[in-house]
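In what follows, a structure is listed as C-alpha cells, so that the remarks can point back to it.
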2 protein chains.
Amino acid sequence: MSEERMQEALATLKSSGVRITPQRHAVLEYLMHSMNHPTADEIYKALEGKFPNMSVATVYNNLRVFLDIGLVRELTYGDSSSRFDCNTTEHYHVICNSCGKIVDFHYPALDEVEQLAEQVTGFNVSHHRMEVYGTCTDCQENKSH
Amino acid sequence: MSEERMQEALATLKSSGVRITPQRHAVLEYLMHSMNHPTADEIYKALEGKFPNMSVATVYNNLRVFLDIGLVRELTYGDSSSRFDCNTTEHYHVICNSCGKIVDFHYPALDEVEQLAEQVTGFNVSHHRMEVYGTCTDCQENKSH
DNA sequence: TTATTACTTAATAATCTTTATAAATAGTGT
DNA sequence: ACACTATTTATAAAGATTATTAAGTAATAA
C-alpha cells in the first residue's frame, strides 16, 4: 500500500528530472512511512545511523525539492520548526495545545469556503488548510491528577 | 471606533495587572491601527522613530503579554517570522501564494468541524484556524503580462 | 569506456528569528 | 517621596534555515 505510493513518488521524481540518490531516497522513504509529520531535524536524526556523514543541509535541500514538485507539504505551527507531511490524501490536523501531538482528521473538503473566498476577495484560490486545536486525551488525564 | 477597542484593550491590560508603559502602549496602538498583520520586526522598525532606544526584546515581551491575555493572536505561515493580529472578531485569512498579502475573510465559524473533531479524536477542542491560499488580483495581473 | 557536464552532497559559515540574562530604569501603591 | 516590583535595555545565546564552496557522483554522449 505505502509501497505503491513510494513507487508513484519515485516516478514523479524521475519524470521531473530529479536524480534519485540514496540520501534522497531515504528522506522520502522516511517521510512516506512516518505517521507523525516529522521536522527536518527529526528526519536528520533518524537517518544518522544509515548515513553517518549526511549533512542537515541535504535534508533541507531534498525537502525543498519534494515541496517544489508537490510531493510533500510544509506545516508551520506555533513552534519553532516546520513539519513535513507527505500524506497526499486530503485531511486536516488536530493539534494538542499541551504536548503538540498531531492527529489526522478526515472531513469532507470545504470547497464552498474556497468558492466564497474567491468571490469575495477576487483571489484565484489554490487550496486551504485548517487545524483544530485542543487537549489530547493523554494530556487531559495528566491534568486531572 | 478603533479608539473604543483601544480603550477596551487598555482596560483589559489594567485589570490583568499589567503596567501600561509608553512602549507597551505604542506596540498595542500600532497593532490596533495596522491592518496588515505585522511581524515583530515590522513593529520594531515602525516604532524606531518614536523610541530610538527601544529593544527588539521589548516588542517580543509585549507581544507575549498581549498573547497571554488574549488581546492578539499569533499567525504562523510558511515564511520565517510570525505575524500578529489583534482583530478579535472571528475571521479567516486568504493569503497570496505569490506576494504574501493577507486579506481578511469573514465566514461563519465552522463549529460543526470542531464538534466532529472532538468526537473522532477525543480531544477537548479549544479552537481552530483556517487559511485559504491563492493568487491575489494584483499578482494575477502581473502574471498575465 | 572515457570524458564531460550538470546535479548533488557535505562541511562550514552565515543569517535570521526568537529567547534568556542581568543590570538599569520606571510605574504604582503606600 | 519611598519602596517594591515589573519592565526596559543591551547583550549574548540558542535554534532553525539558508548560502557557499569544494568534492563527489550520476547521466549522457563521443
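By convention in this document, chain letters (A, B, ...) are assigned in the order of the sequence lines, proteins followed by strands, and residues within each chain are numbered from 1. On a predicted model such as this, the values are computed, not experimentally measured, just so you know.
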Looking at DNA chain D, which of residues 20-29 of chain B put a heavy atom within less than 4.0 Å of it? Thr21(B), Gln23(B), Arg24(B)
Separation of atom [atom1] in [X] from atom [atom2] in [N], rounded to whole Å:
X: Tyr60(B); N: dA14(D); atom1: OH; atom2: C1'; answer: 13 Å
X: Leu13(A); N: dA26(D); atom1: CG; atom2: P; answer: 16 Å
X: Phe84(A); N: dA16(D); atom1: CZ; atom2: C1'; answer: 10 Å
X: Asn61(A); N: dT21(D); atom1: CG; atom2: P; answer: 15 Å
X: Met54(B); N: dT8(D); atom1: CE; atom2: P; answer: 9 Å

Sole candidate of His127(B), Gln119(B), His128(B) that passes side-chain hydrogen bond (donor to acceptor under 3.5 Å, both in side chains) when paired with Glu114(B): His128(B)
Want to settle it: does Ser81(B) or Asn62(A) sit nearer the 5' end of DNA chain C, counting the closest nucleotide to each?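 Residue closer to the 5' terminus by nearest nucleotide: Asn62(A).
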By the 4.0 Å heavy-atom rule, please label Ser82(B) as base, sugar-phosphate, or nothing.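 Here Ser82(B) touches the backbone only, sparing every base.
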What nucleic acid atoms does Val56(A) come within less than 4.0 Å of, heavy atoms only: base, sugar-phosphate, or nothing? nothing
Taking all non-hydrogen atoms of both residues into account, name the closest pair between [X] and [Y] and its distance.
X: Cys86(A); Y: Met32(A); value: SG-CA, 3.4 Å
X: Thr121(B); Y: Thr137(A); value: O-CG2, 4.2 Å
X: Phe123(B); Y: Glu118(B); value: O-CG, 3.1 Å
X: Tyr30(B); Y: Glu42(B); value: OH-O, 4.5 Å

Quick one: which of dT17(D), dT9(D), dT7(D) gets closest to the side chain of Val18(B)?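 Closest of the options to the side chain of Val18(B): dT7(D).
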Candidate nucleotides dT5(D), dT18(D), dT9(D), ranked by approach to the side chain of Arg19(B) - the nearest: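 Selected nucleotide (nearest to the side chain): dT5(D).
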Pick the nucleotide of DNA chain D nearest each of Asp41(A) and Ala57(A); which residue has the one closer to the 5' end? Asp41(A)
Report yes or no: do His25(A) and Asn62(A) form a side-chain donor-acceptor pair below 3.5 Å?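 No donor-acceptor contact under 3.5 Å links the two side chains.
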Do Lys45(B) and Asp41(B) meet the salt-bridge criterion of a basic N to acidic O distance under 4.0 Å? yes
If you walk 5' to 3' along DNA chain C, what is the first nucleotide with an atom under 4.0 Å of a heavy atom in chain A, and what is the last? dA6(C) to dA11(C)
Within less than 4.0 Å of OP1 or OP2 of dT17(D), is there a side-chain N or O belonging to Ser80(B)? no
Would you say the side-chain atoms of Ser126(B) pair up with the backbone N or O of Tyr133(A), donor to acceptor, closer than 3.5 Å? yes
Is there a side-chain contact between Phe66(A) and Leu31(A), using heavy atoms and a 4.5 Å cut-off? yes
